[in-house]
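First the proteins, then the strands, lettered A, B, ... as listed; each starts at 1. Side-chain atoms are counted along with the backbone in the values below, which use heavy atoms only and exclude waters and symmetry mates.
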Amino acid sequence: MSPDSLTFIFLNTVLANNFVLAMFLGLCPFLGVSGRLDTAIPMGIATTFVMLVSSVCAYAINQVLVAFDIEFLRLISYIAIIASAVQLVEMGLKKYSPSLFRSLGIFLPLITTNCAILGVALFQTFRDYDFSQSLVYAFGAGVGFTLAIALMAGLREKLELSQLPSVTQGAALSLMLGGMLSLTFMGFAGLGGGHG
Amino acid sequence: MGLLQQLRRGSFRHGIHPPANKQVTAAQPIRRLAFAERLVIPLGQHIGRPSRALVRKGQEVVRGQPIAAADGFVSVPIHAPATGRIHDIRLMPTARGELSESIVLDVYKADTQEVRWREPVAAPNTLTPEQIVQAVQAIGMVGLGGAAFPSHVKLSPPDDKPVDTLVVNGCECEPYLSCDHRVMLERPRDLIRGIELAMRAAGVERAIIGIEDNKLDAVAVLQDALRDNPCIRARAVETKYPQGSEKMLIKSLTGQEVPAGGLPADIGIIVNNVGTLAAIGRLLPRGEGLTERVVTVTGPGVARPGNYIVPLGTPIGFVLQQVGHQGTHTDFVLGGPMMGPSVSDLRTPITKGTSGLLVLNDSEVLKETRRIWPCIKCGQCVSACPMHLNPAQLGQLAVKREFTRMADEYHLNDCFECGCCAYTCPSNIPLVQHFRVAKAYNREHAA
Amino acid sequence: MTRKTDTQITWKTFSEGLWANNPVFVMLLGMCPTLAVTNSAINALAMGLATTFVLLASGLLVSLLARYIPKQVRIATYIVIIATFVTMIDYIIQAISLDLYNALGAFIQLIVVNCIILGRAEAYASKHRPAKAVLNALGMGAGFTLALLCLGLVREILGSGSVFGVDLFGPAFQPWVIMTLPPGGFLVLGAWLLLFDWFRLRRQQKETVTGGQSDVA
Amino acid sequence: MNEAQQAMQPPRASSTLMMIVLNGIAMLAGFLVVMTSQLTAPRIAENQRIAIEQAVSKVIPGATRHREFHLGKDGLRSEPGADTTTIYAGYDDQDHLLGVAARAAAQGYADMIYLLYGYDPTCQCIRGIKVLKFAETPGLGDKITHDAAFQSNFDALDARLAPDGQGLAHAIAKVKHGTKQHDWEIDAISGATISSTAVGKALNQSAQALLPQLLPHLQELRATEKRP
Amino acid sequence: MSKPTIELRATPHIHAPHDVVKIMRNVVFASLPMAAWSIWSYGLSALLLMLAVVASCLLTERLFNRHNNTLGDWSTSITGILLFLTLPPGFPAWMGMLAGFIAIGMGKVMFGGLGMNVFNPALIGRAFVQAAFPVAITTWIPAFFEGRFTRLIPSTLTPPFTIPPETAAWSQQVAVDAFTGATPLAVQKFDHVAAPALHLLTGTTAGSLGEGSALIILACGLYLALRRILDWRIPLAVMAGTWPSAELFHWIDPGVYPDGLFMLLSGGLMPGAWFMATDMVGSPVTPRGVVIYGLLIGIVTVVIRLFGGLTEGVMYAILLGNAATPPDR
Ligand SMILES: Cc1cc2nc3c(=O)[nH]c(=O)nc-3n(C[C@H](O)[C@H](O)[C@H](O)COP(=O)(O)O)c2cc1C
Ligand SMILES: Cc1cc2nc3c(=O)[nH]c(=O)nc-3n(C[C@H](O)[C@H](O)[C@H](O)COP(=O)(O)O)c2cc1C
Ligand SMILES: Cc1cc2nc3c(=O)[nH]c(=O)nc-3n(C[C@H](O)[C@H](O)[C@H](O)COP(=O)(O)O)c2cc1C
Ligand SMILES: Cc1cc2nc3c(=O)[nH]c(=O)nc-3n(C[C@H](O)[C@H](O)[C@H](O)CO)c2cc1C
Ligand code: SF4
Ligand code: SF4
Ligand code: SF4
Ligand code: SF4
Ligand code: FES
């Protein structure tokens, strides 16, 4: 599989280089909003959505920046554009699909400023992805994030019924769980890579 | 529980196979037990409103005489189990755990104790359905299978729920018990008469007697007696606990499922225990009240186990004295080992719903004093639960006192406390106990 | 927006971020850079200093300008300010060492979204005088750097057998590769938190002398 | 975060002060950023140059200076174009062309492996590689950067062109550890077969594409020899 | 008749004869033949490693669980033995002990002990050392080497925290003809030569200590399945996930991808399916959940083996299965 192919980019971002478990992006929601499956999954979906939006925005704005040779404004413009785009999307949702807004809307402002979103924008730029690659990359990142946060939420829900020792009841447990999940995802390392 | 077996014999999914321990008692004919000096007759022996006492302290009564009257439709009268004098009417311990209003009767020792009081009845085959229902109530019949639900109520289904099938429950799936087995062997005529009366009363055309296949002799006896009666069939079903639970038995015999939270009547079926129908068949034509019942007295702690006809109200202490018992740690169980409650007070009386008196002594009792481990998620309970619940999850929720979640998300209220889950649990988690607490809590907080 | 009247500068202004409200260990903020770049002590230090710089500069600017910034665009303005300083430090690190820049990767730019910085700008700097804001930012930055170093040191010692690149144990040492890999980040931070929780519980147990309650049910 | 939401909404109180402040901040931000980027630009460029120089001198033994070219379909250019490949020509002190360095990349065990390799036109072989960026496992895959035995594969890795000039005579490929027989084979590192394979793959892909394009222009590179 | 103590008990008054201790003890017994085979194949080194790993597990459990005695339930010993079986022969004892410490400390005690963990403790231990010491854990020693009962593999007694010595040369020197140090999976993956099924069945190939003979594993697993100690659906579902997916790829390109039987019999699939996927603590409780879980493990294993960077994927697949086990139903 060629490392530039869309399938590879997708699988690689979802599994081998999972945004959360291997790239350390989006950890705040991963640790903070993974208490219950029924919030984690909408959170994941909302994040995926915002990633797609910001990927498109970042791709467009980067074309402009490169054209005018003002790359030093990249960070500032990315963050401003992403924030406003998400804001627009949120307002649009509220107006045209109130039901969708109710399920995803509460997460949108939370997501605007997290590293995973900006990470998608920055990494796709660093990797010189073209438009379709960028989109697939953003989608893969979102799916990977959703997968990780859903697994985490499932585990934490299960543990809710355990009699945990008092030492491990806090955030430490979440981190340890994250570590073990990350260990598990190491199994996917080299997926599609050049063996044989 | 292969599929083939299920097709051949009829069965339900899940359930357990505890050792039956029935051989000793099932092999012996029913015997009669002596009268105790003093009988304790609770007014609330059945489900529904307790009966109303008709007698006063000091009054003399003869055997068979009504001493308490039905209080409303879902209630039955009580008849004096022996000739004697009313000692008192007061609170006494009962199998239900709490103290309840009971008639205490001093038995005349010298009396022959024949039934001296009968309501005159017409020939049974001339009775209308209404008259049968009335008569069933008048003789104080309740379900002898354990639930003690007034039988006449079952036999008069509401008009909007027509019934077409009578399922006769001869499973006796609880280990140790064999009273129904003996009744089927020894009183098939009474049983068939009772079935016919019940069919007429409820207006059904068809009756099926379901009997676990460890009692094939009973199947044979009944099939023989029913040779020229096409409406009543006797069928063997798989020996498996809780085959005798009405929902399971209906599934095994007819393939139909009683909807969750519903009653058999919802799918046109009524279920009665063989003991109940045999008693109706025997007592109703004579106009006699229910004054005694067959009780299996057994267990490792009993010296002379067997099936005994015991006058209602006999304290278990007296029964035990008669049959002899031993052991330094004893667990007295009223009913079968899976669902019967433990009693600690030897004055507790045998009542209409008592099918067995089981004495578990040291070997069994100490074995039960086992360490409780955390749930290891082995799933044994899940594959045992006949209601297809998830006892493991329920149990964990119960520990965290998430009682409402248990009911709302995990169908706690479908659990009928059969005990299969707790029986199989390798961690010895007292699941049924957890569920009882949860249900009680939910009931209290429902208001 | 009421400006706090107390202008007293105390030790606590500084030390709050160092320990009691340590952004990583106590508030669990800025997790991504914390875990991503701490596979060696030098990276941890560089990241900590870079973040401190942004905290400090943005804190100062926000504190100076706060009273002139209209409420409606407050956050947007802060973000722009922060992004400016992040861009600056990004270039500065490139100028200092390309190797370091490559090791830290995009995480320098991701300081922009580090919750600590916006949180401090919003919750502290905008409500305090510049001197206090700077001192507090310094404390927070020091606390962040300290936490990163805690992680970076453990991960480098176990993962490479060295401290700041200086070999500790000689060539026979078997490195624990996992420590430099992603799971190591999670596990080491988890272990630190466990350790702190354990100490905290022990102290609590000593304080409230209750019956020896066992940890494990 | 809620305020973030609020803040994004169109300002209600549109006062001139607000405009001034906003503009002021934007200008300040722009000023700071531009200033920094201007101030650091020379240092950064110098850093990059040093990095490249070091890399080039490693993959082209003996090279002391290098020049950057951009190879496209229409030949060598000094400015990068849309479809050009950057190459570095390495010269010794006497300005003799020693070799040409180019980048190559392939998917390794954990992520992409980026390499610089040096091609020596005299021996028609690859004279050295330098791993620029990688994320292989320390202790295993990272041996490609420093394992002496592995590096010695590239002392003279055969990269002759096929007679038709359209590709390599022998594809560069890794073979299992200890089974190298030909000059165009790469002896894999035992325990890091995947990383070794990636190196082989990267070199092969790049050389197959680049060398046929490059060789016709070697003279041009040499032509610069005499120029200072 | 003396007055008896009357016990008041909740229903049911009788209980099935099994309990946790008996179940665990049976699993220990069932895993011993595999351990014995590994000791037969690799000699003293294997024995020593086993003792070290099990002792480390027991000590860790004791260390963290001083209040109630949890050593008696045998489950810790199972973790130890199974962990040992997943390690390569010649694995340094100190690394084995670290794995045991991590398995019990991080994989089990941290969650509250028996029954509370969400991941398979033994595999957490294994995954940790695999990521920590990737070289040591992919160093294979040929089975039945000469003098295995009189001398140790040089790496076994590596001093703590130091790099184990190279064993490649040593292996060649002591190898009995026809036994090589490369695992069948690696040989298949990199050279596309599949080992014959007979060798895999009888365990004359190199590999982890427990993956020697598929026949013995199968027998031990069947024993547990017949005694209803493990849920037979899990190993069947794992194999049902593995075989068809492997056959599918084999059908697409027989030259590169091995056939289903090879997939089933090679590597850790057998012990994984019968002994590790079946650890009920981390697996679903409902029959339907169990089948999905098994299929997932089987398919992920094939994907990792065929397309991943690693030659073996069973461990990661099971851990993923554990993680994906839903919280209820
Ligand atoms: C991107 C993101 C950032 C967050 N940042 C913070 C934070 O800075 N502080 C915080 O307390 N919670 C943070 N959270 C966690 C959620 O807001 C969490 O639901 C909330 O703190 C719960 O508070 P409550 O239980 O008091 O309602 C964040 C969550 C997300 C998704
Ligand atoms: C777990 C369980 C097991 C039961 N087993 C039997 C049984 O074996 N035989 C029986 O007659 N009734 C059994 N019952 C009671 C039946 O469900 C049903 O109530 C009874 O057959 C009705 O007949 P009756 O009213 O004549 O007693 C059982 C109930 C439960 C909940
Ligand atoms: C934690 C871990 C990290 C690994 N890292 C690498 C790596 O960086 N490069 C590599 O080629 N293989 C890596 N591997 C893969 C194995 O070593 C694989 O078995 C090996 O590449 C097979 O090659 P061999 O046939 O030469 O032993 C890694 C394996 C593990 C468990
Ligand atoms: C069938 C069966 C399989 C088991 N497999 C494992 C295993 O793979 N790893 C392990 O640590 N414990 C295993 N155990 C033991 C036990 O379940 C384990 O220690 C618990 O996970 C600890 O909570 C197994 C137990 C049984 C009954
Ligand atoms: S507990 Fe048993 S006997 Fe009592 S009502 Fe329920 S099913 Fe009937
Ligand atoms: S007592 Fe109840 S459970 Fe037991 S056999 Fe009779 S009906 Fe069935
Ligand atoms: S007691 Fe309730 S939960 Fe348990 S097996 Fe019976 S019905 Fe199911
Ligand atoms: S049988 Fe007991 S240990 Fe097993 S899952 Fe059910 S509750 Fe848990
Ligand atoms: S630091 Fe990454 S999401 Fe907060």
*Asks:* If you count every heavy atom of other residues, nucleotides or ligands that lies below 6.0 Å from D/F31 atom CZ, does the total exceed 12?
*Replies:* no
*Asks:* Nearest 0.5 Å, what's the OG1-CG distance between D/T137 and C/L181?
*Replies:*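 Taking OG1 in D/T137 and CG in C/L181, the distance rounds to 6.5 Å.
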*Asks:* Does any heavy atom of chain D fall under 4.5 Å from the side chain of C/Y101, the backbone, both, or neither of them?
*Replies:*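 Neither part, no heavy atoms under 4.5 Å.
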*Asks:* Stepwise, does the side chain to side chain contact (heavy atoms under 4.5 Å, CB included) test hold for D/K133 with C/N102?
*Replies:* CA-CA 9 Å; D/K133 188 160 174 268; C/N102 286 336; 5.6 Å; no
*Asks:* Please name the pair of heavy atoms, one in D/N47 and one in C/A95, separated by the smallest distance, quoted to 0.1 Å.
*Replies:*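 Distance-wise, the nearest heavy atoms are ND2-O, 2.7 Å.
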*Asks:* Heavy-atom distance under 4.5 Å to chain C: side chain of D/A29, backbone, both or neither?
*Replies:*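 Answer is both: backbone and side chain atoms of D/A29 are under 4.5 Å from chain C.
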*Asks:* What part of C/S160 gets within 4.5 angstrom of chain D, counting heavy atoms only: side chain, backbone, both, or neither?
*Replies:* neither
*Asks:* If I measure from the heavy atoms of chain C, does D/E46 come under 4.5 Å with its side chain, its backbone, both, or neither?
*Replies:*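 Contact with chain C involves no heavy atom of D/E46 at all.
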*Asks:* Measuring from C/Q94:CD to D/R43:CZ, what's the distance to the nearest 0.5 Å?
*Replies:*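 It is 12.0 Å, given to the nearest 0.5 Å.
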*Asks:* To the closest 0.5 Å, what do you measure between CD1 (C/I93) and CD1 (D/I44)?
*Replies:* 10.5 Å
*Asks:* Run the side chain to side chain contact (heavy atoms under 4.5 Å, CB included) test on D/I25 and C/I81 for me, step by step, so that the C-alpha distance in whole Å, both residues' side-chain angles and the decisive distance to 0.1 Å come before the verdict.
*Replies:* CA-CA 8 Å; D/I25 288 176; C/I81 292 175; 4.1 Å; yes
*Asks:* How close do D/T40 and C/Y91 get, heavy atom to heavy atom, and via which atoms?
*Replies:* OG1-CB, 3.4 Å
*Asks:* Does any backbone or side-chain atom of C/I96 lie under 4.5 Å from a heavy atom of chain D? Answer side chain, backbone, both or neither.
*Replies:* backbone
*Asks:* Give, for atom CG of C/L65 and atom CG of D/L28, the distance between the pair rounded to the nearest 0.5 Å.
*Replies:* 7.5 Å
